[in-house]
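Any value given below was found using the heavy atoms of this structure, including those in side chains, with hydrogens, waters and symmetry copies removed. For this chain, numbers begin at 1 and follow the sequence in order.
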Amino acid sequence: MDHTKKYKQINPNAEFDFTVNDIETKNGFILNNEYYYGGGVYLQKNNNSSKWLSQEISLDDGTALFNEDGQILLDIWKIKTPYEIYKKANSNILYLVKNKDTLQFRIQ
């Protein structure tokens, strides 16, 4: 199935703001059965890791990978819902808000 045709695409041009209640993986991830993203998301290195994040995603078991710039490539679909995400148009930064913490991710 071509997910790029069935769902709204998350890309640098897209703008959105919604609560994620459901996430599934299919050659990328699908949010709320409406949005699709097929690339990686990098947690910006200037973010402090939240306690809840380290409880939900282990940085030592291969779930997260570090690149040469110190950014962390995360499997965002492993973050437990619900949470808010938003992104401004013409930006490659995706914001995830959970437990009063805002994490910034760079999308590819």
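Note: F18 and Y35 have parallel aromatic rings, judged against thresholds of 30 and 60 degrees for the angle between ring planes.
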Sequence neighbours excluded and cut-off under 3.5 Å, please list the side-chain donor-acceptor pairs for residues 81-91, or say none.
unit_1, atom_1, unit_2, atom_2, d
T81, OG1, N21, O, 3.3
E84, OE1, T19, OG1, 3.1
E84, OE2, T19, OG1, 2.3
K87, NZ, N11, O, 3.1
K87, NZ, P12, O, 3.1
K87, NZ, A14, O, 2.5
K87, NZ, S91, O, 2.9
S91, OG, I93, N, 3.1

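Every side chain to side chain donor-acceptor pair (under 3.5 Å) that N33 has, sequence neighbours left out, goes to Y7. Under the salt bridge (charged side-chain N to carboxylate O under 4.0 Å, His left out) criterion, E34 pairs with K8, sequence neighbours left out.
Looking at K98, its side chain does come within 3.5 Å of a backbone N or O of K80 through a donor-acceptor pair. Looking only at distances, no side-chain donor or acceptor of N92 sits under 3.5 Å from a matching main-chain atom of R106.
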I79/L96 under side chain to side chain contact (heavy atoms under 4.5 Å, CB included): CA gap, chis, key distance, verdict | CA-CA 10 Å; I79 297 175; L96 185 148; 3.9 Å; yes

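The hydrophobic clustering, which links ILVMFWY residues whose side-chain heavy atoms are closer than 4.5 Å, places Y95 and L31 apart.
When side chains are defined from C-beta on, Y37 does not count as touching I30, because their heavy atoms never get closer than 4.5 Å.
Rounded to the nearest 0.5 Å, atoms OH (Y36) and CD (E24) are 11.0 Å apart.
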